[in-house]
There are 2 protein chains.
Amino acid sequence: MLDHMGLSIGQVAERTGLSVHALRFYEKEGILAHQVHRGPGGRRVYTDQDLAWLKMCIMLRMSGMPVPEIRRYTDLVRQGDGNELQRLDILKEHQERVREQMAQLQECMDLITHKVSVYQDYVNSIDARAVGQ
Amino acid sequence: MLDHMGLSIGQVAERTGLSVHALRFYEKEGILAHQVHRGPGGRRVYTDQDLAWLKMCIMLRMSGMPVPEIRRYTDLVRQGDGNELQRLDILKEHQERVREQMAQLQECMDLITHKVSVYQDYVNSIDARAVGQ
DNA sequence: CTACGAAGTAGAGCCGACTCTAGGTCAAGC
DNA sequence: GCTTGACCTAGAGTCGGCTCTACTTCGTAG
């Protein structure tokens with residue numbers, strides 16, 4: 001086992017819920033802010049920062065940001081100071097998309113809730129009749 | 001053009017936002033409640049009910065219900081009265097998933113909003129400094 | 001009578017995001 | 001010294017949901 005600082009890919013998989021495959025895939029896709037350090041035998045050693053960054057990427061993915069756009073954002077961060085406005089733009093755009101997505105979902109939810117209550121009433125009325133007999 | 005009742009596939013595509021390809025695909029996948037009537041030359045003629053059903057399917061898809069599950073639901077409806085409890089189950093399950101999805105999205109939204117405000121403040125502070133010079 | 005546009009069918013292709021396979025290295029434990 | 005298990009790489013495969021292709025058939029307009 002590695003010493004107390006530095007996590008193996010398996011440990012990161014456990015902590016993030018991603019598969020080791022997905023972790024390697026993300027790395028290949030260039031969405032890790034800084035190159036992952038390698039330990040003996042060429043094994044990946046993740047820092048806590050790597051973990052934190054990954055967790056943010058997971059949030060972005062969960063909310064539907066495509067991998068290539070996460071890479072664009074990551075690239076900006078990697079390039080360092082001076083491009084904060086561009087980073088902000090990406091985030092704001094995504095924020096807008098998430099907002100729309102939530103509105104849509106809410107609309108769907110309203111419809112579903114309506115249908116559920118209609119069916120529930122119907123089912124209840126059938127039950128009541130059965131009991132009454 | 002078809003007479004006032006009955007829509008062509010193109011008209012349905014327009015009204016639903018789906019492509020004609022997608023409409024044929026949905027039909028092949030069996031997610032139309034009732035078989036689409038055919039007009040002269042074997043062309044599809046959609047009724048207003050078909051349209052309404054499609055719109056509901058679109059809501060279910062938008063909220064992430066997989067096509068096979070929409071089919072399961074559709075099959076129940078096609079089979080007619082007596083299986084309302086099963087329909088209700090499908091809807092309730094989906095409702096739960098949508099609820100979870102919205103909670104997740106909200107979590108992501110909170111993170112993004114936080115990051116946006118941090119970057120916004122930073123960008124503003126840079127601007128202020130530039131103006132002050 | 002020719003051309004066009006909108007429809008039809010069957011089936012292949014595409015895209016994104018993983019997921020898995022094959023074959024290999026290495027350290028620890030029996 | 002052999003097995004096991006976690007890791008490595010490169011690249012192939014999968015899956016869902018369309019999307020597109022190829023080719024045909026109509027009905028109307030020029």
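Residue numbers begin at 1 in each chain, while the letters A, B, ... track the order of the sequences. The shown structure was predicted, so the numbers you read here are calculated from the model rather than taken from an experiment.
The side chain to side chain contact (heavy atoms under 4.5 Å, CB included) search around A:H21 returns A:S19, A:R24, not counting sequence neighbours. Not counting sequence neighbours, the partners of A:K92 by the side-chain hydrogen bond (donor to acceptor under 3.5 Å, both in side chains) test are B:Q120. A:E84 meets the salt bridge (charged side-chain N to carboxylate O under 4.0 Å, His left out) test with no other residue; sequence neighbours excluded. Here B:D89 pairs with nothing under the salt bridge (charged side-chain N to carboxylate O under 4.0 Å, His left out) rule; sequence neighbours left out. Scanning for side chain to side chain contact (heavy atoms under 4.5 Å, CB included) contacts around A:Q35 gives an empty result, with sequence neighbours left out. For B:S117, the side chain to side chain contact (heavy atoms under 4.5 Å, CB included) test picks out no residue, with sequence neighbours left out. Applying the side chain to side chain contact (heavy atoms under 4.5 Å, CB included) test to A:D75 and every residue at least two apart in sequence or in another chain returns A:R71, A:R78, A:Q79. Scanning for salt bridge (charged side-chain N to carboxylate O under 4.0 Å, His left out) contacts around A:E69 gives A:R72, A:R97, with sequence neighbours left out.
When A:L7, A:L32, A:I9 are each tested for a side chain to side chain contact (heavy atoms under 4.5 Å, CB included) with A:R44, only one passes: A:I9.
Taking atom CZ of residue B:R38 and atom C1' of nucleotide C:dT9, one finds them 10 Å apart after rounding to whole Å. Taking atom CG of residue B:L23 and atom P of nucleotide C:dT9, one finds them 12 Å apart after rounding to whole Å. Remark: C1' of C:dG16 and CD1 of A:I31 are 13 Å apart, rounded to the nearest angstrom. Spacing between atom OH of B:Y46 and atom C1' of C:dA6 amounts to 13 Å, rounded to whole angstrom units. C:dA7 atom C1' lies 13 Å from atom CD of B:E27, rounded to whole Å. Between the CD atom of B:E29 and the P atom of D:dT19 there is a distance of 14 Å, rounded to whole Å. In this structure, B:F25 places its CZ atom 15 Å from P of C:dT9, rounding to the nearest Å. Rounded to a whole Å, the CG atom of A:L18 is 9 Å from the P atom of C:dT19.
Residue B:Y26 places at least one side-chain N or O closer than 4.0 Å to OP1 or OP2 of D:dC18. Look at B:R44 and you won't find any side-chain N or O under 4.0 angstrom from OP1 or OP2 of C:dA7. Distances shown here put every side-chain N or O of B:R24 at or beyond 4.0 Å from the OP1 or OP2 atom of D:dG17.
Among the atoms of the strands shown, none is found under 4.0 Å from any heavy atom of B:G41.
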With 3.5 Å as the limit, what N/O pairs link the protein to nucleotides 10-12 of chain C?
none

What N/O pairs connect the protein and nucleotides 4-6 of chain D at under 3.5 Å? Give each pair on its own line.
{"from": "D:dA6", "atom 1": "N3", "to": "A:R43", "atom 2": "NH2", "distance (Å)": "2.7"}

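Residue B:E96 qualifies as enclosed at atom CD: its count of foreign heavy atoms under 6.0 Å is above 12.
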Atom pairs and distances, side-chain donor-acceptor, residues 100-112 of chain B, under 3.5 Å, sequence neighbours left out:
{"from": "B:Q101", "atom 1": "NE2", "to": "B:S63", "atom 2": "O", "distance (Å)": "3.2"}
{"from": "B:Q106", "atom 1": "NE2", "to": "B:D110", "atom 2": "OD1", "distance (Å)": "3.0"}

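Contacts between residues 48-71 of chain B and DNA chain C, defined by a heavy-atom separation under 4.0 Å, are absent.
Closest to the A:A22 side chain, of the nucleotides D:dC18, D:dT9, C:dC18, is C:dC18.
Using a 4.0 Å cut-off between charged side-chain N and carboxylate O, A:R38 and A:E27 make a salt bridge.
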